[in-house]
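Chain A is the first sequence line, chain B the second, and so forth, proteins listed ahead of strands; every chain is numbered from 1. The figures that follow rest on heavy atoms only: side chains count, while hydrogens, waters and symmetry mates do not.
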Amino acid sequence: MNLHEFQAKEILARRGVRVPAGRIAWSAEEAEAVARELAAQRFAVKAQILAGGRGQAGGVKFAATSDTVRSAAQSLIGSTLVTRQTGPEGRKVKRVYVEEAVSTSRDIYVAALVDRRAGCPMLIGVSEGGEDVEERIARDENAVRRLPLPLDGSQPAEDDLRDFAASLVGQDGPVEKAVDILRVLASALGELDATLIEINPLALTKGGDLIVVDAKLTLDDNALFRHPDLQALRDEDEQDAVEFEAQRHDINFVRMDGDIGVVVNGAGLALATHDMLRDAGGAPANFMDIRTTATSLQIAKGIGLLLANPGVKVLLINVHGGGMTSCDTIVEALSIAMRWSGRRVPVVFRAAGQNAGYAEKMMVDRRIPHEAAKTIQDAVRLAVAQAGKRAA
Amino acid sequence: MAILVDPDTKVIVQGMTGRAGTFYTAQMIDYGTRVLGGVRPGKGGQRHLMLPVFDSARQARAETEANASIVFVPAERAAAAMIEAIEAELDVVVCVTERVPVHDMLKVRAALRGSKTKLVGPNSQGVLSPGSCKLGVMATVDAKKGPVGIVSRSASLTSEIVAQTTAAGMGQSTTIGIGGDPVHGIGFSDCLELFMADEDTKAVVLIGEIGGSDEEEAAEYLSRNKATKPVIALVAGRHAPPERRMGHAGAFQMFSRGDAAAKIERLREAGVIIAPDAQSVAPKLREALTEKVS
């Protein structure tokens with residue numbers, strides 16, 4: 001689960017990290033009032049959407065007076081922001097964060113994260129941060145500093161922390177202040193059950209202060225059960241409605257824009273099926289991974305989401321029965337979903353593993369019109385051919 | 001001889017009395033696995049599936065001389081169960097539980113330091129040595145004893161490859177699911193090492209996917225240690241849409257690579273035979289095994 005910038009900043013501020021004074025605003029009038037209250041020299045008006053790349057996409061505006069804050073907010077609220085992370089449909093801006101603008105002499109990147117490769121928590125830093133930090137790292141991997149953290153959630157050795165801080169702010173820079181921020185990141189990561197806390201940029205000011213200009217916080221969904229306070233921060237409007245519905249039914253679902261609805265059990269088999277479908281020239285309408293715990297009713301809900309999409313012309317079903325999801329469970333789900341929706345689309349059906357023969361017999365007995373395939377390759381070919389026929 | 005589990009493996013089941021625990025324990029016993037008992041705190045002294053139930057893994061080990069366990073304990077308490085099994089010095093621990101918090105897994109990693117336990121998972125389908133021992137939840141209908149070692153991050157894709165290799169007349173020595181979670185127990189390189197030393201294994205299939213860095217580690221391992229047997233890899237997700245992610249870069253992606261093309265390239269450089277898709281694993285295997293014989 002991702003938090004909004006203002007939520008992440010609030011959490012960091014509560015832990016003693018310096019963030020600019022600011023408040024959220026839902027309307028242009030409110031934004032103007034916030035600006036008057038802050039009485040700053042210069043303001044930043046920032047769209048609050050759960051996607052990065054806002055600055056480059058025009059989602060952050062600067063203003064010198066409360067009047068210009070008002071017009072900046074006016075133009076942002078209600079607009080749709082398309083950044084490199086939102087996809088072409090973009091995200092609707094519902095509110096802005098108005099804060100005191102920070103003048104920086106250098107932008108730094110710092111983050112605490114759980115490093116998959118090392119299997120431990122880690123501090124990461126780049127002395128030249130900012131929005132284009134990604135490209136900079138791609139050019140020079142050595143620009144990235146790393147400090148592994150102890151597995152038990154305790155602080156790293158004092159000297160290591162100081163060296164790491166100095167590598168980011170410089171020996172003559174505000175090393176002590178940087179150490180304090182790094183300590184907060186190191187302890188907050190475990191305490192919040194976060195997988196990523198990122199500050200970018202951390203502004204180094206001319207006066208030698210360190211101020212958080214932007215922050216991102218990603219929480220571990222699997223640990224939210226012990227953080228009801230953080231769970232309450234979830235912004236459901238930011239979630240794709242279809243994907244959210246699938247998630248509720250133990251199905252991982254990603255919406256795509258093709259015409260072949262794909263039903264597969266297990267993430268690995270789903271990825272492999274997608275690869276073969278795309279290789280054969282097909283365009284998937286979705287990615288679906290039915291979790292082993294899903295019941296036939298839940299799977300029926302997932303298939304229903306595909307039948308409800310008029311863009312879906314064919315259903316490609318590829319199940320490998322095993323464990324608790326045997327092939328007949330999927331057929332059961334398919335027949336329920338078709339009954340619910342009343343819509344018939346051509347089905348390409350391929351089953352293997354647990355109860356594959358029985359499932360194929362059920363498809364015939366229940367008179368579900370379909371083409372049966374023996375291998376994934378055959379199934380993919382048939383689905384692409386069907387989609388082509390429908391398009392013509 | 002297969003790896004990790006064999007006919008002598010003596011198993012206790014942590015969380016045996018729950019729904020999943022009961023269902024899969026019965027299946028394992030059916031398959032011929034030597035299940036000696038179960039663990040459920042507070043239910044010590046009772047019997048379940050005609051087996052003794054103990055309060056702790058340590059006690060179960062002391063009384064049954066088990067050397068392996070499988071964990072079905074719910075996510076909130078799964079890490080504690082794994083740590084208990086590690087402290088009881090079991091040789092192999094499989095954790096099937098999904099959605100274990102990642103910071104809990106860091107504690108498990110700490111417990112693994114300096115221990116002799118090999119942890120498989122979490123979020124793993126387990127380990128199967130066809131014909132001798134099933135320590136997991138996988139389907140066994142298509143599994144057959146043979147020369148192919150399989151190590152995988154995906155349960156469903158493993159079933160698919162197992163079925164294909166069996167249909168092509170080649171069975172499996174052992175199949176292992178290392179689990180789909182970011183922080184986990186043994187990885188691809190550990191399994192490659194075990195397979196290289198195993199007499200029964202003549203070729204290894206590595207089933208990877210986008211994300212993480214297990215494939216890169218396997219490539220590094222194979223560049224350092226000459227493979228004594230052919231290794232065939234399938235990396236799923238070549239056409240996956242870029243992850244919807246947050247942040248300037250999504251630090252995961254930025255700092256740990258993870259796209260399929262890069263993984264495939266690294267593996268190829270390390271001498272691994274690449275299967276371009278799920279359908280071509282068995283033919284590539286057949287080719288590699290035939291070449292080796294001639």
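- Interface remark: A/Ala118 contributes backbone atoms only to the contact with chain B (heavy atom separation under 4.5 Å).
- Looking at B/Val100, only its backbone comes within 4.5 Å of chain A, counting heavy atoms on both sides.
- Both the backbone and the side chain of B/Glu76 come within less than 4.5 Å of a heavy atom in chain A.
- For B/Ala163, the part lying under 4.5 angstrom from a heavy atom of chain A is the side chain only.
- Within the 4.5 angstrom heavy-atom criterion, atoms from both the backbone and the side chain of B/Ala278 approach chain A.
- No side-chain donor from either of B/Glu220 and B/Ser189 sits under 3.5 Å from a side-chain acceptor of the other.
- For chain B, no part of A/Ala215 is nearby; none of its heavy atoms comes within less than 4.5 Å.
- Taking the side chain as every heavy atom from C-beta outward, A/Val114 and B/Leu106 approach each other to under 4.5 Å.
- Of the listed residues (B/Lys107, B/Arg113, B/His184), the greatest number of heavy-atom pairs within a distance under 4.5 Å of chain A belongs to B/Arg113.
- Residues B/Thr165 and B/Gln172 bring a donor and an acceptor atom of their side chains to less than 3.5 Å of each other.
- Contacts between A/Leu224 and chain B at a heavy-atom distance below 4.5 Å are absent for every atom of the residue.
- Your options are B/Pro276, B/Gly237, B/Ala155, and the one with the most heavy-atom pairs under 4.5 Å with chain A is B/Gly237.
- Defined by atom type and a distance below 3.5 Å, a donor-acceptor pair is missing between the side-chain atoms of A/Tyr109 and A/Glu128.
- Options A/Thr375, A/Asp152, A/Asp132 differ in how many heavy-atom pairs under 4.5 Å they form with chain B, and the most are formed by A/Thr375.
- Contact of B/Asp214 with chain A is not made at all, since no heavy-atom distance falls under 4.5 Å.
- For A/Pro284, no part lies near chain B; criterion is any non-hydrogen pair under 4.5 Å.
- Annotation: maximal heavy-atom pairing with chain A below 4.5 Å, among B/Gly208, B/Pro101, B/Ala260, occurs at B/Pro101.
- Residues B/Val120 and B/Ile178 form no side-chain contact, since every pair of their non-hydrogen atoms from C-beta on lies 4.5 Å or further apart.
- For OH of A/Tyr358, the number of neighbouring non-hydrogen atoms (other residues, nucleotides, ligands) closer than 6.0 Å is 12 at most.
- Between A/Ile376 and A/Leu269, some side-chain heavy-atom pair lies under the 4.5 Å cut-off.
- A/Asn200 contributes a side-chain N or O that, together with a main-chain N or O of A/Gly130, makes up a donor-acceptor pair within less than 3.5 Å.
- With a 4.5 Å cut-off on non-hydrogen atoms, B/Arg99 touches chain A through its backbone and its side chain both.
- No hydrogens or angles considered: a donor-acceptor pair under 3.5 Å links the side chains of A/Asn2 and A/Thr218.
- Shown are A/Glu5, A/His4, A/Arg91; of these, the side-chain hydrogen bond (donor to acceptor under 3.5 Å, both in side chains) with A/Gln48 is made only by A/Glu5.
- Chain A forms the most heavy-atom pairs under 4.5 Å with one residue out of B/Ser154, B/Ser159, B/Ala110, and that residue is B/Ser159.
- In terms of heavy-atom pairs under 4.5 Å with chain B, the best-connected choice from A/Leu189, A/Thr83, A/Asp275, A/Val264 is A/Asp275.
- Heavy-atom distances place no part of A/Arg54 under 4.5 Å from chain B, backbone and side chain included.
- Relative ring orientation between A/His274 and A/Phe287 is described as tilted, the plane-to-plane angle lying within the 30° to 60° band.
- Heavy-atom contacts from other residues, nucleotides or ligands closer than 6.0 Å to CZ of A/Arg226 number more than 12.
- Top candidate by heavy-atom pairs under 4.5 Å with chain A, chosen from B/Arg238, B/Glu98, B/Glu217, B/Glu209, is B/Arg238.
- Residue B/Val102 touches chain A through both its backbone and its side chain, counting heavy-atom pairs closer than 4.5 Å.
- A/Asp220 touches chain B through its side chain: at least one heavy atom from C-beta onward sits under 4.5 Å away, while N, CA, C and O do not.
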